[in-house]
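Written below as structure tokens is the structure these notes are about.
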Amino acid sequence: MTLTNVIEVLEAAYPPARAESWDAVGLVCGDPAQEVRRVLFAVDPVAAVAEEALEWDADLIVTHHPLYLRGTTTVAADTPKGRLVHTLIKRDVALYTAHTNADVANPGVSDALARAVGLTGDLVPLQPFPDDPWRGLGRVGELPEPLTLGEFAAQAAAGLPRTSGGVRVAGDLSRTVTRVAVSGGAGDSLLGTARAAGVDVFLTADLRHHPASEFVESGGPALIDAAHWATEWPWLDSAASILASSGVNVETRVSATVTDAWTRGY
Ligand SMILES: [Zn+2]
């Protein structure tokens with residue numbers, strides 16, 4: 001299989017045209033004609049992931065986060081990102097990114113997150129595209145049976161990979177939750193949308209003190225804040241499965257390297 005064959009499958013599932021205008025998705029380095037036998041899926045294009053790719057002899061790394069989100073004038077190896085580009089090119093490893101186009105896809109990042117925290121029924125986008133009710137940011141669904149907020153938080157923590165930041169809850173732990181909104185990654189731009197959706201709890205990452213405090217204080221849904229990496233990691237398996245079942249003959253692997261920014265909590 002060539003890199004072009006693999007990219008065709010990924011772009012059918014995650015059309016680049018659906019990425020936000022500020023985003024940078026697609027092929028970062030690699031020759032479209034090169035042969036691809038092994039594909040490693042990871043959240044972040046960082047040195048530890050490149051190491052893992054080299055050890056496993058991967059030909060392609062597919063990451064959720066872009067390496068360069070803003071323009072650059074150099075890939076010299078005197079910065080971590082430039083060094084990564086050098087490492088990958090020297091060893092013939094391609095790098096490809098599906099970011100906001102994977103967030104809004106169906107199934108996308110938040111579908112995988114919803115399943116990981118125990119939403120088993122139908123899911124709809126929290127913020128659908130005006131022209132497509134089945135695609136958009138976040139997902140809303142219902143738990144198979146009501147739980148207390150404390151029980152749901154524990155279930156969510158058990159369903160997500162462990163990180164030093166863990167899972168934090170804002171709200172009355174004894175309140176009943178049935179209807180749940182989730183959004184992988186930094187979801188505070190969706191706080192108002194989650195409130196308007198009438199959910200009992202909104203699970204996302206990177207919530208800040210003031211927006212979270214004011215949201216809960218005003219009687220909104222409860223909040224659960226998980227590690228950014230952990231909320232996006234479940235998508236890797238979904239993306240790897242799409243590639244593996246596409247008929248493209250490649251071996252896939254999901255990186256288990258924790259690349260959340262926070263190494264340890266005290
Ligand atoms: Zn993210």
Side-chain angles (χ1 to χ4, degrees), residues 1-16 18-19 23 25-30 32 34-67 84 88 91-120 123 135 139 159-163 182-185 205 226-260:
M1 293 293 151
T2 65
L3 182 51
T4 297
N5 299 139
V6 174
I7 289 175
E8 277 170 5
V9 175
L10 293 172
E11 298 202 336
Y14 312 115
R18 284 297 196 183
D23 205 359
V25 303
L27 194 59
V28 179
C29 67
Q34 78 188 70
E35 195 190 339
V36 174
R37 296 160 298 113
R38 289 186 161 178
V39 184
L40 179 70
F41 288 81
V43 173
D44 294 296
V46 293
V49 166
E51 286 290 315
E52 190 181 347
L54 295 182
E55 271 170 33
W56 185 51
D57 204 14
D59 307 294
L60 167 65
I61 307 172
V62 175
T63 63
H64 183 48
H65 291 142
L67 180 65
L84 190 96
L88 297 183
R91 300 287 292 271
D92 265 341
V93 182
L95 175 63
Y96 180 90
T97 297
H99 189 215
T100 52
N101 47 330
D103 287 330
V104 299
N106 180 15
V109 173
S110 293
D111 291 283
L113 172 59
R115 297 303 180 217
V117 301
L119 300 179
T120 51
L123 299 169
R135 288 178 176 76
R139 290 294 182 271
L160 295 174
R162 285 200 85 74
T163 58
V182 303
S183 181
H228 189 127
W229 171 84
T231 62
E232 297 175 331
W233 187 83
W235 168 74
L236 304 179
D237 200 42
S238 164
S241 300
I242 286 172
L243 185 59
S245 62
S246 68
V248 167
N249 185 22
V250 291
E251 202 177 335
T252 62
R253 175 156 149 173
V254 168
S255 170
T257 307
V258 179
T259 56
D260 202 57

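As the structure is a prediction and not an experimental result, all values here were calculated from the model. Only heavy atoms go into these numbers, but all of them, side chains included; no hydrogens, no water, no symmetry mates. The chain is numbered in sequence order, starting from 1.
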message = Asn106 vs Arg139, test: side chain to side chain contact (heavy atoms under 4.5 Å, CB included). Steps then yes/no.
response = CA-CA 10 Å; Asn106 180 15; Arg139 290 294 182 271; 4.2 Å; yes
Exercise for the section: Might you work through the side chain to side chain donor-acceptor pair (under 3.5 Å) test for Thr100 and Asp103, ending with a clear yes or no? Expected result: CA-CA 5 Å; Thr100 52; Asp103 287 330; 5.4 Å; no
Just by distance, do the side chain of Thr257 and the backbone of Thr259 share a donor-acceptor pair under 3.5 Å? no
**Item:** Test item: His65 and His99 side chains (from C-beta on) under 4.5 Å apart, heavy atoms
**Value:** yes
Note to self: Could you tell me if the side chain of Val250 sits less than 4.5 Å from the side chain of Asp59, heavy atoms only?
What the structure shows: no
Nearest heavy-atom contact between Ala239 and Phe41 is CB-CE2, 3.7 Å
Of all heavy-atom pairs linking Ala58 and Leu40, the shortest is CB-CB, 4.3 Å
Open item on the list: Taking the side chain as everything from C-beta on, heavy atoms only, tell me whether Pro66 gets closer than 4.5 Å to Asp23.
Closed with: yes
Given 3.5 Å as the limit, does a donor-acceptor pair link the side chain of Trp233 with the main chain of Ser255, or not? yes
Check your understanding: Ignoring hydrogens and geometry, is there a side-chain-to-backbone donor-acceptor pair from Arg38 to Trp56 under 3.5 Å?
Key -> yes
Looking only at heavy atoms, the pair that brings Cys29 and Leu88 closest together is SG-CB, 4.1 Å
In terms of heavy-atom contacts, Pro45 and Leu84 come closest through O-CD2, 3.7 Å
Side chain Asp111, main chain Gly108, donor-acceptor under 3.5 Å: yes
Result for side chain to side chain contact (heavy atoms under 4.5 Å, CB included) between Leu60 and one of Asp92, Leu243, Val39 points to Val39
Original post:
Short question: side chain of Ser110, backbone of Gly184 - any donor-acceptor pair under 3.5 Å?
Top reply: yes
Indicate the ring-plane relationship of Trp235 and His64, choosing parallel, tilted or perpendicular according to the 30° and 60° boundaries. tilted
Between Thr63 and Ala42, is there a donor-acceptor pair closer than 3.5 Å when you use the side chain of the first and the backbone of the second? no
